[in-house]
Amino acid sequence: MKTNKLFFCITLIMITCFGCESFLEEEPRDIIAPENFFATDDDAKQSITGLYALIKNNSIYGQAGLDNWYDNGVDIIEPNRKHPIFEVMGNYTLNEVTADASNQKMSVTDTWQNLYRVILNANVIIERVSGNGAISEAVQNDVVAQARFIRALAYWHITNLWGDAPFYTEVLTLEEIGSLGRTGKDVILATVLDDLEFAQNNLLPVYPNEDRGRATKWAAAIIEAKIHMKAQDWQAGLDKCLEIINQSSHTILANYNDVFDPANEYNNEIIWSLDFAKDITGQFEPAFPGASFAGNNYWRPSLFNPRIADEPAPGEDQDALKAALAANGEEFNGTGLQIASKDFAENFPAADLRRPLNVMGSYEGIQLNHTYMPKFMSLSFETSPRFNHGDNRLVFRLADVALMAAECENERPGGNPNTAFEYIREIRERAYATQVEAEAILGLSQQAFREAIYDERKWELAGEATRRYDLIRWGIYLDVVRNAEFKTYNPDENIQDHHVLLPIPLNELLLNPNLLESDPTNNGYR
């Protein structure tokens with residue numbers, strides 16, 4: 001499903017209908033009607049392509065949207081300099097006004113609005129395709145399953161970030177949508193689980209090459225397992241994890257570095273990644289006002305790539321650095337706005353073989369000014385030029401599921417930490433040079449193994465948008481942030497209890513006062 005120019009022609013109807021000002025002026029029922037769309041199998045398939053384009057928006061998966069709410073402001077990554085996009089989470093200056101920040105892309109407002117744009121589109125697709133006699137049954141099943149999965153994904157993120165939230169699964173008018181109050185998150189998640197069950201029953205376990213960027217049944221299963229774990233239904237979580245481990249074709253790769261190799265981005269450990277292509281113009285709005293780059297292409301890797309203006313360290317020769325980069329066909333062509341945090345870099349075990357791909361303080365023996373996370377870097381100036389990357393966006397992989405299974409086994413009634421270790425044996429063995437090191441957490445008590453899992457998920461899944469979610473469900477989020485050391489911001493000084501959720505942005509409250517009916521405090525921000 002690699003993006004191409006034809007893709008944007010055939011999906012233009014979806015993006016223009018619900019992605020611009022016309023979204024505020026017309027009713028969904030009038031925009032996409034059965035007589036002018038959803039009249040063939042191809043129409044239905046194209047609508048799903050458009051839905052995937054929406055979740056690749058810069059405020060969701062395209063650049064640093066969800067990264068900002070799941071990773072920034074905790075103890076793994078931080079910006080190398082102060083920047084307004086990352087400041088609200090990096091320094092916990094978040095409030096209703098800064099959440100709005102309508103002059104900054106990837107604000108809380110942007111993520112909120114685009115997740116609901118995804119839901120609106122998904123609801124239209126589900127209604128128009130279900131039972132549509134002009135569309136074959138096989139295509140109906142797959143398209144509706146994809147739409148229900150993506151709707152579930154959007155609502156899962158919304159409940160993670162805001163808790164109770166507006167909720168609807170029908171095709172409503174914009175007036176109806178704009179007057180919705182907040183529904184309890186447990187009610188929302190019950191429908192999410194129903195959508196995920198439908199998706200698992202109807203999505204394929206593997207898609208052909210031309211559709212490899214689409215979610216399989218296993219992606220839906222992972223979200224279900226995560227929901228069970230957050231609810232501390234450990235047995236249900238374990239059962240779902242083992243279903244993925246035992247029944248899917250995915251495996252843990254023998255080499256950690258291979259998981260993130262741009263030349264092997266559909267490797268067997270990755271369960272779901274969103275595909276992007278370089279040299280495709282007009283995909284997204286620029287993330288920063290005034291950003292000057294041709295085509296507005298995918299550029300999340302540029303956030304992790306160093307900026308040559310920042311490097312090398314004082315006393316080092318920049319010309320020597322440039323020469324070393326050129327000899328490797330590489331360049332420091334990024335913004336460097338996502339670096340390994342001071343706390344993460346200083347505490348990552350020296351003997352862990354994952355460290356070089358997570359912590360980089362030098363290049364070809366030249367000391368750098370900042371410490372980077374090379375697992376998401378793409379420095380090739382030919383295949384991955386600045387702000388124009390074709391790298392996939394990793395969403396879920398099997399190592400995460402194995403770690404989840406180990407945690408569930410350790411936490412469930414009657415669970416055994418030694419049995420739990422076996423689920424992550426492969427992960428530990430590829431992370432250490434000796435068997436003794438790999439088995440260092442074998443034979444621990446339940447509490448000691450629990451704490452080992454805290455660390456193991458930190459080292460294994462760094463920067464993969466899991467950290468804040470994990471810390472919150474473990475109940476240690478505030479303590480971890482308050483005890484970590486940071487280079488750029490001081491989140492430990494500002495973080496408050498209510499920061500476990502985001503505020504609904506002020507402009508949304510002004511447009512719809514019903515959002516405050518069930519919670520006048522706006523998640524504690526008032």
Side-chain angles (χ1 to χ4, degrees), residues 1-12 14-15 19 46 48-68 70-71 105-106 110-111 114-115 117-118 146 149-150 153-154 157 207-216 219 259-267 269-288 291 293-305 333-335 337-338 373-397 463-465:
M1 205 176 73
K2 277 291 182 186
T3 312
N4 54 46
K5 291 183 179 179
L6 175 62
F7 165 91
F8 285 101
C9 292
I10 65 178
T11 62
L12 188 60
M14 292 299 293
I15 298 175
Q46 289 166 19
I48 286 297
T49 306
L51 199 57
Y52 273 94
L54 291 179
I55 65 171
K56 292 194 283 187
N57 183 279
N58 59 10
S59 66
I60 304 178
Y61 283 113
Q63 295 174 12
L66 292 178
D67 290 9
N68 210 7
Y70 283 111
D71 272 338
K105 299 301 176 185
M106 298 187 297
D110 292 309
T111 301
N114 283 312
L115 285 171
R117 186 170 287 118
V118 168
Q146 291 284 343
F149 165 77
I150 293 175
L153 175 75
H157 285 310
Y207 276 88
N209 288 353
E210 61 268 22
D211 289 328
R212 285 191 300 188
R214 297 198 174 182
T216 67
V259 178
F260 306 96
D261 183 355
N264 188 29
E265 56 188 2
Y266 290 106
N267 66 73
E269 185 167 323
I270 295 176
I271 292 176
W272 185 37
S273 63
L274 290 165
D275 59 344
F276 289 85
K278 76 182 189 75
D279 299 331
I280 303 300
T281 61
Q283 293 189 54
F284 311 105
E285 298 172 346
F288 307 130
F293 53 91
N296 299 339
N297 295 320
Y298 179 57
W299 61 283
R300 181 174 182 260
S302 285
L303 293 170
F304 291 89
N305 287 3
N333 60 2
T335 65
L337 281 168
Q338 300 281 50
M373 187 174 286
K375 69 193 286 188
F376 300 119
M377 287 166 40
S378 188
L379 301 178
S380 169
F381 62 79
E382 286 190 0
T383 62
S384 199
R386 192 180 200 217
F387 302 138
N388 183 11
H389 302 279
D391 308 70
N392 283 5
R393 168 61 190 260
L394 171 63
V395 183
F396 298 129
R397 60 188 177 96
E464 297 180 37

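In this text, all values refer to a predicted model and were calculated from it rather than measured experimentally.
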Look only at the side chain of [X] and the backbone of [Y], and say whether a donor-acceptor pair between them is shorter than 3.5 Å.
| X | Y | value |
| --- | --- | --- |
| Asn114 | Asp110 | yes |
| Ser59 | Gly65 | no |
| Ser273 | Val395 | no |
| Glu265 | Asn392 | yes |

Nearest heavy atoms of [X] and [Y], plus distance in Å:
| X | Y | answer |
| --- | --- | --- |
| Asn305 | Asn333 | ND2-OD1, 2.8 Å |
| Ile270 | Val259 | CD1-O, 3.8 Å |
| Leu274 | Gly213 | CD2-O, 4.1 Å |
| Ala219 | Ile271 | N-CG2, 3.9 Å |
| Lys56 | Phe276 | CD-CZ, 3.4 Å |
| Leu54 | Ile60 | O-CD1, 3.8 Å |

Between [atom1] of [X] and [atom2] of [Y], what distance do you get to the nearest 0.5 Å?
| X | Y | atom1 | atom2 | value |
| --- | --- | --- | --- | --- |
| Tyr52 | Ile150 | OH | CD1 | 4.5 Å |
| Leu394 | Glu269 | CG | CD | 9.0 Å |
| Ile55 | His157 | CD1 | NE2 | 8.0 Å |

From CA spacing to verdict: side-chain contact (heavy atoms from CB on, under 4.5 Å), Phe381, Leu379: CA-CA 6 Å; Phe381 62 79; Leu379 301 178; over 6 Å; no
Sidechain N-carboxylate O distance under 4.0 Å for Arg393, Asp275: no
Indicate yes or no: does Arg300 engage Asp67 in a salt bridge with an N to O separation below 4.0 Å. yes
For the residue pair Phe260 and Arg397, establish whether any side-chain heavy-atom pair is separated by less than 4.5 Å. yes
Sub-6.0 Å ring centroid separation between Trp272 and Phe149: yes
side-chain contact (heavy atoms from CB on, under 4.5 Å) between Asp71 and Leu66, worked out: CA-CA 8 Å; Asp71 272 338; Leu66 292 178; over 6 Å; no
Against the six-membered ring of Tyr266, is Arg212 placed for a cation-pi contact (under 6.0 Å from the centre, within 45° of the normal)? yes
Donor-acceptor pair between Glu464 and Tyr70 side chains, under 3.5 angstrom: no
Any luck finding a side-chain donor-acceptor pair between Arg214 and Thr49 under 3.5 Å? yes
Just do the side-chain contact (heavy atoms from CB on, under 4.5 Å) check on Gln338 and Phe376 with the steps written out, would you? CA-CA 10 Å; Gln338 300 281 50; Phe376 300 119; over 6 Å; no
Kindly indicate, with the supporting measurements, whether the criterion side-chain contact (heavy atoms from CB on, under 4.5 Å) is fulfilled by Asn267 and Asp261. CA-CA 9 Å; Asn267 66 73; Asp261 183 355; over 6 Å; no
